[in-house]
Undergrad: 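Input: one structure, supplied below.
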Amino acid sequence: MKSYRQMNKAELTECKAQLEKAFEEAKAKGLQLDMSRGKPAAMQLDLVMPMMDALTSKSELISESGMDCRNYGGPDGLPEAKALMAAMIDAKPEQVVVCGNSSLNIMYDTVSRSMTHGVCGSTPWCKLEEIKFLCPVPGYDRHFKVTQFFGIQMINIPMSPEGPDMDLVENYVNHDPAVKGIWCVPKYSNPQGYSYSDETVRRFAALTPAAEDFRIYWDNAYCVHHLYNGAENQDHILNILEECEKAGHPDLAFEFCSTSKVSFPGAGVAAVASSERNLEWIKASMHVQTIGHDKINQLRHVRYYKDFDGLMQQMQLHGDMMRSKFEAVEKRLAEALDGLEIGTWTKPRGGYFISFDALPGCAKAIVAKCKEAGVTLTGAGATFPYGLDPQDSNIRIAPSFPTPREMSDATEVFVLCVKLVSVEKLLENA
Ligand code: PLP
């Protein structure tokens, strides 16, 4: 296929006319498709339904610790739930506090208590002039919303397939005491599906922050979300808590995880893992916040999965479902766009997203065009702090929710809109 960038004005104009016709036809189909959020499809949730039978009115709701799960108590989680969550992130059960249904909620609480009470005895952030967070971009929009909500200044850090630009991270963290945190999705990142290299993880662990209350927010949301079977086809990252300990910085990181995309989003189990000192700090305010989280749900998860192997068997079924959708999108993108030089995209081995980079200045228009033809994408800019993509080029594709058929229809519309908007952009300077 001839590259759009090599086309002269006449060729681009002719191309535009054809694409406009195809766009009108696509619009006439009256599609209503949603590729905006990383939600599991109903079929994937159906696979987990037997969990609802793991506990019945006849079940003994007694934890292995002897605790009656129907009652108050055990505010930092059942021992068997700690073991399961620890296995997911390769941590030790004693490093884990099991909380409620959402890891984002734990992250919000962690920022919130840092604002009001300070981290482990440091000055509360609300009493300081300026608080900054580093934000690898593109990244997870809800992370950025949390820091924006608290008025924390966000600084973009470019991502590569190895992870965030560590020269920049070291420069900021080791020299600027106003930098108090960094958002990380270290494995199958949202939205690129990148996993941090060993060197990146080691450099994180070796940071020597100018601020004693700087912490790494290690959101391991996609720790077990492989698309392919067999260890050689999966990404593996180093254990951040272990690396921090080895580097002599045991308190440097908070690690977050949940079963939102293992069992049921919004009705799973979430956890935070960290050093003893950090956990004591978290528990001190958590015990004021709640008398305890939902232990019956924790027990339901443990009884259903039994152990880490049981959980991974389920994840393999999820992976099989997701893989076909990812591959369908990637195949269609390649067929329609390879050689045109109007976009690049990631090819992840796990996670929930594909990250697409259009020609600069085109992302907003592509998303708007897709919407006009009935396909909803994540808002352009959402993958950047303040919703501002400086290049206006990144678009997050979430293949998880639609059926394979819908996914293929939606991708067809997407590539059409990418072509049309790119031609229009190129014509501006032709
Ligand atoms: N972290 C990341 C990177 C996510 O992509 C998501 C959901 O999409 C979450 C956290 C939300 O997790 P939870 O449901 O545990 O709050």
Side-chain angles (χ1 to χ4, degrees), residues 34-41 44-45 48 77 81 84-85 88-89 96-112 133-149 154 157 159 163-164 181-196 216-227 235 237 240 253-273 293-294 297-298 301 311 315 318 322 326 346 348 350-355 377-379 382-385 394 396-401:
D34 190 346
M35 287 207 288
S36 67
R37 302 252 31 126
K39 294 195 294 192
Q44 185 176 320
L45 299 174
V48 192
L84 185 66
M85 299 306 282
M88 264 176 61
I89 52 170
V96 173
V97 169
V98 185
C99 302
N101 67 332
S102 155
S103 60
L104 187 71
N105 196 164
I106 313 174
M107 294 177 235
Y108 176 99
D109 282 343
T110 310
V111 174
S112 177
F133 252 63
L134 305 184
C135 301
V137 290
Y140 177 39
D141 54 349
R142 289 182 187 272
H143 283 161
F144 305 151
K145 290 236 164 72
V146 171
T147 26
Q148 184 170 2
F149 183 74
M154 294 180 279
I157 303 289
M159 278 285 288
I182 178 166
W183 290 118
C184 294
V185 184
K187 192 162 169 184
Y188 301 133
S189 66
N190 176 351
Q192 311 93 328
Y194 292 156
S195 297
Y196 293 10
I216 302 164
Y217 281 59
W218 199 256
D219 178 3
N220 213 344
Y222 299 105
C223 49
V224 289
H225 300 64
H226 308 290
L227 290 175
D235 290 0
I237 58 165
I240 186 69
F254 297 124
E255 181 163 9
F256 308 93
C257 65
S258 78
T259 67
S260 283
K261 283 149 190 175
V262 173
S263 56
F264 301 117
V269 176
V272 55
H293 294 104
D294 183 347
N297 197 32
Q298 292 176 24
H301 277 71
L311 186 144
M315 289 313 289
H318 290 190
M322 292 278 280
F326 271 69
T346 56
Y352 262 61
F353 304 101
I354 292 170
S355 179
L377 295 166
T378 310
T383 50
F384 284 74
N394 187 252
R396 186 178 81 165
I397 299 177
S400 56
F401 188 67

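Since the structure is predicted, the reported quantities are computational estimates derived from the model, not experimental observations. Positions are given from 1, in the same order as the sequence printed here. Every number for a ligand or one of its atoms is a count from 1 in the order of the listing.
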Undergrad: Applying side chain to side chain donor-acceptor pair (under 3.5 Å), name anything that partners D141, two or more places apart in sequence or on another chain.
TA: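 Result, side chain to side chain donor-acceptor pair (under 3.5 Å) vs D141: R37.
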Undergrad: Taking the side chain as C-beta and beyond, is there a heavy-atom pair between D235 and H226 under 4.5 Å?
TA: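 Not in contact.
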Undergrad: Can you list the steps and then say if H143 with Y217 is a side chain to side chain donor-acceptor pair (under 3.5 Å)?
TA: CA-CA 10 Å; H143 283 161; Y217 281 59; over 6 Å; no
Undergrad: Tell me whether the NZ or CZ atom of K39 lies within the 45° cone about the ring axis of F401 and under 6.0 Å from its centre.
TA: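 Cation-pi check for K39 and F401: passes.
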Undergrad: Is the W183 to F256 ring centre distance short of 6.0 Å?
TA: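 That pair fails the under 6.0 Å test.
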Undergrad: Please list, by chain and number, the protein residues whose heavy atoms come under 4.0 Å of ligand 1.
TA: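 If the criterion is a heavy atom under 4.0 Å, then ligand 1 touches S102, S103, L104, Y140, V185, N190, D219, A221, Y222, S258, S260, K261.
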Undergrad: Would K187 and Y196 count as a cation-pi pair here, with the cationic atom under 6.0 angstrom from the ring centre and within 45° of the axis?
TA: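 No - K187 does not lie over the ring of Y196 by the 6.0 Å and 45° rule.
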